[in-house]
Amino acid sequence: MSTPVEYRFSFGPWNISEGADPFGPDVRQPFPHEEKFGLYRGLGFEGIQFHDDDVVPGLDDLNPAQILKQSAVVKTILSNQGLTPEFVAPRLWFAPQTVDGGYTSNRAADRAYAWDRTQKCIDIARAVGAKAIVLWLAREGSYIREAKDARLAYQRLLDTVNAILAYDPEIELWIEPKPNEPTDQAYVPTIGHAIALAYASTDPTRVKGLIETAHALLAGLDPSDEMAFALAHDKLASVHLNDQNGLKFDQDKNFGSANLRAAFNQVRVLEEAGYGSRGEFIGLDVKTMRTQAGSPVTAHLTNSREIFLWLVAKYRSLDHAAVAALREARDYEALELHIIRHLLGI
Ligand code: 3MF
Ligand code: MG
């Protein structure tokens, strides 16, 4: 058996939230962004995931020199804190130019904005030393089917992937699929769609996926199977572990908090594939509860990390020979009971 992986954990500063939801104002004082960097190591995290404007606030109004200057400041903070920038993602869902999507917008000026912003994001990734950009294609979809030419939209997404690969000869592109929210239907709803784009691109080795538990569940799919599919293609670059209680808004609940067995199976699939042995991070995309007191609120992050590690211990202490024998005998009733007993510790 190969050496057990020692996991490295990451999250994005947006996970230390101010407690806003669409039905009310913030419930905590804003926590200064720069002070978030100082929290990571103490919480057990060494990777940091960025949106481009987490690194360079207000980047739409800055010139290339200003962008590089601010990126260098952040790079120094990261090295002083012993943090690794895992990726930088262009935030293409805030600006007025992106109300109807960026790369797939019907308006040429909006598409030009999206491409300009993407180039800036790649410049920032390079400047802080991140090896990848992540595309969560938030508004690349539609609210009504007739609004866009979907076939053209797919072509535009592929053209964008190729343009990114051409713009920087080394950068990796990780696509984070999500089936809906904020759009009614997104053009890249599952990891299968993302991997199809990878294979259709000019350099499939640099196009990979990031799978978020809640996003897979919102697509009605099993997150562990989605991860296994990406792993089978050697295309699982990162994960956003969290949880989701049924088909509703994207909840970003603590990992394992809604379906512990499904969480166990995600851990099992990752462990079986040796995920993490090449430095891949266990990313957590979890939101705190609005009811939680204090500031900054970080318990959801440490709790999700802890639950992940407990499930790793559960997987490692499983009687693997017994599981193999029950598979062989095709006694899945007994296998299920074996798993449940093990999870319950009885
Ligand atoms: C939305 C998400 C996003 C992405 C992030 C990084 C705000 O449902 O999951 O979080 O994870 O943009 O790509
Ligand atoms: Mg996410």
Side-chain angles (χ1 to χ4, degrees), residues 9-22 33 36 45 47-55 59 85-95 98 101-103 114 117-118 121-122 124-125 128 130-141 157 160-161 164 171-191 194 197 207-219 221 223 226-227 230 236-245 247-255 266 280-288 300-301 304 308:
F9 296 87
S10 63
F11 68 88
W14 66 87
N15 287 290
I16 297 179
S17 85
E18 320 302 355
D21 69 21
H33 202 72
K36 290 179 179 172
F45 291 78
I48 176 158
Q49 310 180 336
F50 285 111
H51 290 125
D52 49 8
D53 55 6
D54 293 325
V55 183
L59 77 163
E86 187 187 1
F87 65 72
V88 184
R91 196 194 295 274
L92 283 170
W93 52 94
F94 260 51
T98 59
Y103 313 126
R117 177 86 181 216
T118 304
C121 178
I122 298 168
I124 293 169
V128 294
K131 68 170 186 182
I133 67 161
V134 162
L135 293 187
W136 167 48
L137 298 162
R139 299 191 193 277
E140 312 301 348
L157 288 173
T160 302
V161 168
I164 291 168
I171 201 84
E172 290 190 6
L173 167 53
W174 305 345
I175 298 173
E176 180 179 348
K178 182 178 181 183
N180 61 282
E181 197 203 34
T183 56
D184 176 50
Q185 302 278 348
Y187 290 132
V188 184
T190 72
I191 197 65
L197 276 170
V207 186
K208 302 175 183 170
L210 181 161
I211 296 181
E212 173 162 328
T213 313
H215 296 180
L217 289 168
L218 285 169
L221 297 169
E226 287 285 273
M227 288 174 191
L236 190 61
S238 190
V239 290
H240 270 173
L241 299 185
N242 58 19
D243 215 344
Q244 172 74 24
N245 190 12
L247 296 180
K248 49 185 84 167
F249 63 95
D250 183 7
Q251 293 185 294
D252 297 339
K253 289 166 78 72
N254 284 338
F255 183 55
Q266 289 164 69
E280 305 96 321
F281 280 96
I282 296 295
L284 298 173
D285 199 356
V286 287
K287 280 195 196 88
T288 188
H300 54 305
L301 291 158
S304 291
F308 174 84

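Remember, predicted model here, so these are calculated numbers, not experimental data. Residues: numbered from 1 along the sequence shown. Atoms within each ligand, like the ligands themselves, are counted from 1 in listed order.
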**Prompt:** Going by the atom numbers of ligand 1, which of them fall below 4.0 Å from some non-hydrogen atom of Asp250?
**Reply:** 8 (O)
**Message:** Less than 4.0 angstrom from a charged side-chain N to a carboxylate O is my criterion; do Lys178 and Glu212 meet it?
**Reply:** no
**Prompt:** In degrees, rounded to 10 degrees, what angle do Glu176 atom OE2 and Asp285 atom OD2 make at the Mg ion (ligand 2)?
**Reply:** 170°
**Item:** Polar contact flag, side-chain donor to acceptor under 3.5 angstrom, His240-Gln49
**Value:** yes
**Prompt:** Where is the tightest heavy-atom contact between Ala219 and Pro189, given as atom of each residue plus distance?
**Reply:** CB-O, 4.2 Å
**Message:** So that I can check it, does any N, O or S atom in His240 come closer than 2.8 Å to the Mg ion (ligand 2)?
**Reply:** yes
**Prompt:** How close does the nearest protein non-hydrogen atom get to atom 13 (O) of ligand 1, and which residue and atom is it?
**Reply:** Glu176 OE1, 3.0 Å
**Asked** What do you reckon, does Arg91 put a non-hydrogen atom under 4.0 Å from ligand 1?
**Response** no
**Request:** Tell me, with the steps shown, if Asp252 and Asn242 meet side chain to side chain donor-acceptor pair (under 3.5 Å).
**Result:** CA-CA 5 Å; Asp252 297 339; Asn242 58 19; 3.0 Å; yes
**Prompt:** Going by the angle between their ring planes, with limits at 30° and 60°, are His51 and Trp93 parallel, tilted or perpendicular?
**Reply:** perpendicular
**Atom indices of ligand 1 within 4.0 angstrom of His240 heavy atoms, with elements** = 11 (O)
**Message:** Taking 4.0 angstrom as the limit and counting only heavy atoms of Val134, give me the atoms of ligand 1 inside it, by number and element.
**Reply:** 13 (O)
**Request:** Assess whether side chain to side chain contact (heavy atoms under 4.5 Å, CB included) is satisfied between Asn245 and Gln251, documenting all intermediate values.
**Result:** CA-CA 8 Å; Asn245 190 12; Gln251 293 185 294; 3.2 Å; yes
**Complete:** Nearest non-hydrogen protein atom to atom 5 (C) of ligand 1, with distance, is His51 NE2, 3.3 Å
**Asked** Using heavy atoms and a threshold below 4.0 Å, how should the contact between Lys178 and ligand 1 be classified: side chain, backbone, both, or neither?
**Response** side chain
**Asked** Atoms of ligand 1 less than 4.0 Å from Trp93 heavy atoms?
**Response** 12 (O)
**Request:** Give a yes/no on ligand 1: does His215 have at least one heavy atom closer than 4.0 angstrom to it?
**Result:** yes
**Item:** Qualifying residue for ring pair (Phe, Tyr, Trp, His ring centres under 6.0 Å) with Phe45, from Phe11, Phe281, Phe308
**Value:** Phe11
**Message:** If you apply the rule side chain to side chain contact (heavy atoms under 4.5 Å, CB included), what do you find for Ile164 with Val207, and how did you get there?
**Reply:** CA-CA 10 Å; Ile164 291 168; Val207 186; over 6 Å; no
**Request:** Please test Tyr187 against Leu137 for side chain to side chain contact (heavy atoms under 4.5 Å, CB included), starting from the C-alpha separation and ending with a verdict.
**Result:** CA-CA 8 Å; Tyr187 290 132; Leu137 298 162; over 6 Å; no
**Message:** Give me the nearest non-hydrogen protein atom to atom 7 (C) of ligand 1 as residue plus atom name, then the distance to 0.1 Å.
**Reply:** Trp14 NE1, 3.8 Å
**Asked** Of the backbone atoms (N, CA, C, O) and the side-chain heavy atoms from C-beta on, which set of Gln49 has a member under 4.0 Å from an atom of ligand 1: side chain, backbone, both, or neither?
**Response** neither
**Message:** Under a 4.0 Å threshold between the charged nitrogen and the carboxylate oxygen, would Lys287 count as salt-bridged to Asp250?
**Reply:** no
**Part of Asp252 within contact of ligand 1 (heavy atoms, under 4.0 Å)** = neither
**Fill in**
the Mg ion (ligand 2) -> Glu212, closest N, O or S atom is OE1
**Item:** Nearest-contact summary for atom 3 (C) of ligand 1 - protein heavy atom, Å
**Value:** Trp136 CE3, 3.7 Å
